[in-house]
Amino acid sequence: MLPPRTASAKSRWAWFARRLGAVLGLVAVGLVGWMWWASVLPGSYSALDMGVPDFGGGAGSEAHAAAHAHAGAADGTAAAPATGETSVPDLIADPDRLADVHVELTARAERVSLDGGEPFDGFTLNGSTPGPTIRATEGQLVEVVLRNEDVPAGVTAHWHGVDVPNAMDGVAGVTQDAVMPGQSFTYRFVAEQVGTFWYHAHQASHPQVVGGLFGALILEPAPETDAATAAVTTAGVDLVAAIHTYPGGQRTIGGALGDSHHDAAPGDIVRVRLVNTDSTPTSAWVTGSSFRVLAVDGHDLVGPTPVDDHSVQITAGGRADLELRVPDSGAARVQVPGASVTIGPDGVEADETSAPREHLDLLSYGEPADVDFDPEAPDRRFAYDIGRLPGFLDGRPGYWWTINGGMGAAVPMYMVDEGDVVVMTIANSSGEGHPMHLHGHHLLVLSRDGVPSSGSPWWVDSLDVAHGESFEVAFVADNPGVWMDHCHNLPHASEGLMTHVAYHGVTTPFRLGRDTGNDPE
Ligand code: C2O
Ligand code: CU
């Protein structure tokens with residue numbers, strides 16, 4: 001319709017402006033509607049379709065195109081892999097080898113009451129939370145049967161920090177299907193590392209981990225190795241102390257609320273294995289003794305020196321093994337905000353102090369040493385830039401985390417080949433800190449904000465990247481599979497801060513999506 005012929009030029013302009021406004025409004029609504037529609041995920045999809053292949057300057061795009069088309073078969077069927085491809089379920093430990101350590105874990109959804117705490121609806125493993133501490137010696141084959149008695153959403157066990165074969169990684173929808181009530185799954189892996197690790201559900205992991213589905217895993221050095229000799233002479237008492245906040249803000253250390261006690265004699269040397277099972281970093285500090293940080297994330301530090309008046313910062317998902325000495329009179333106390341454990345003779349109290357103002361900086365702690373690969377000439381170089389943008393994630397409007405500016409299926413999928421040396425720069429401009437965790441590999445910290453690491457080689461599987469910070473890390477791609485690379489602030493992972501490192505030629509028959517029952521976050 002045209003404006004009336006008699007209308008003045010002015011009202012004719014107003015008429016056009018109104019029409020133009022209406023058209024632009026429709027275009028905007030259409031665009032937002034299209035963004036919404038485009039973000040809605042199918043009921044079932046492959047993890048390999050949730051990212052744009054990023055080759056990091058390395059080879060392999062042709063091989064990937066074939067694998068990708070294959071994995072993303074639209075009919076949802078898991079066809080047998082084409083020649084030259086490996087399917088995730090084949091990436092296992094030697095099936096003919098007998099287990100050296102056998103553990104059975106039964107998961108239950110139940111009302112949990114911690115000693116002296118407020119009951120909550122949570123989860124247990126063999127009737128308790130934390131679940132049993134699993135101990136094995138380097139070289140042993142560990143076999144864990146996980147049964148789900150009645151956890152409605154299903155369960156899995158992920159071996160955080162242990163570079164297990166991919167099929168044993170416990171990620172629902174990527175490396176296995178969630179274990180539904182009445183079902184079980186058997187995990188088998190050889191303990192090739194030594195140190196403090198933990199296991200936790202990787203199905204509906206945010207509610208399940210908070211509610212109690214986790215435990216510690218301690219891998220001890222094989223006898224007659226240097227590490228074993230050192231461990232015997234340095235650790236008289238070995239104390240596993242997971243730090244966990246249960247529903248209702250109930251903070252625990254070593255499974256106990258508030259302040260607890262652990263027996264040790266004056267002069268005892270104690271190894272305290274701190275595990276941060278929460279979603280945010282925690283600081284920990286010691287009174288009554290100086291301490292050394294013997295290991296971080298299951299890697300011994302080289303040349304750790306005594307520390308006073310500093311706290312250690314433990315990344316969400318991360319671990320720190322502290323060594324302290326029980327004083328000749330009195331006791332030592334390991335504190336975290338809201339909880340502590342006193343270590344000393346029965347009935348002896350230790351001072352309580354407020355957190356030291358400064359954190360120990362692991363970038364310069366300990367002595368430099370050689371590592372067994374050369375990060376100077378990497379085969380691939382990746383950027384993992386964390387940001388935040390408004391948009392749609394699986395049809396939900398929100399202010400979501402982005403990786404290299406993309407969200408949902410538009411995040412990068414980091415493609416590698418076995419044997420590659422990979423350098424990754426993790427930068428964060430998202431307004432919040434993120435504890436970044438790569439499955440199946442350990443990362444060597446090269447630099448932070450351009451300052452090279454000058455202390456002990458600092459290996460991590462969980463790394464706090466604060467807003468405004470940038471870390472350069474390196475790893476060797478030596479464990480084929482499809483590996484999650486995500487934020488261990490578990491709500492953040494479900495808000496989009498997760499992607500994968502995928503090896504060329506590895507496909508997964510497992511599916512994600514609302515029709516599959518698999519929901520790793
Ligand atoms: Cu501790 Cu993907 O997890
Ligand atoms: Cu995060």
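Counting starts at 1 for both ligands and their atoms, following the listed order.
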Distance filter under 2.8 Å, centred on atom 2 (Cu) of ligand 1 - protein N, O or S atoms that pass it:
His202 NE2, His439 NE2, His486 NE2

Aromatic centroids of Trp401 and His492 separated by under 6.0 Å:
yes

Check: Tyr199 ring centre within less than 6.0 Å of Phe214 ring centre
no

Would you call Arg292-Asp300 a salt bridge at under 4.0 Å N-O?
no

Neighbouring protein N, O or S atoms of the Cu ion (ligand 2), below 2.8 Å
3

Between Thr277 and His244, do the side chains contain an N or O donor and an N or O acceptor separated by less than 3.5 Å?
yes

Do the two ring centres, one from Phe373 and one from Phe475, sit under 6.0 Å apart?
no

Is a side-chain donor-acceptor pair under 3.5 Å present for His102 with Glu143?
yes

For the aromatic rings, using the six-membered ring if either is Trp, is the centroid distance between Trp159 and Phe189 under 6.0 Å?
yes

Could you identify the N, O or S atom of His200 positioned closest to atom 1 (Cu) of ligand 1?
NE2

The single option from Asp461, Asp169, Asp297 passing side-chain hydrogen bond (donor to acceptor under 3.5 Å, both in side chains) against His160:
Asp461

Would a line drawn from the ring center of His486 to the ring center of His439 be shorter than 6.0 Å?
yes

Does Arg271 come within less than 4.0 Å of Glu323, counting only side-chain N to carboxylate O?
no

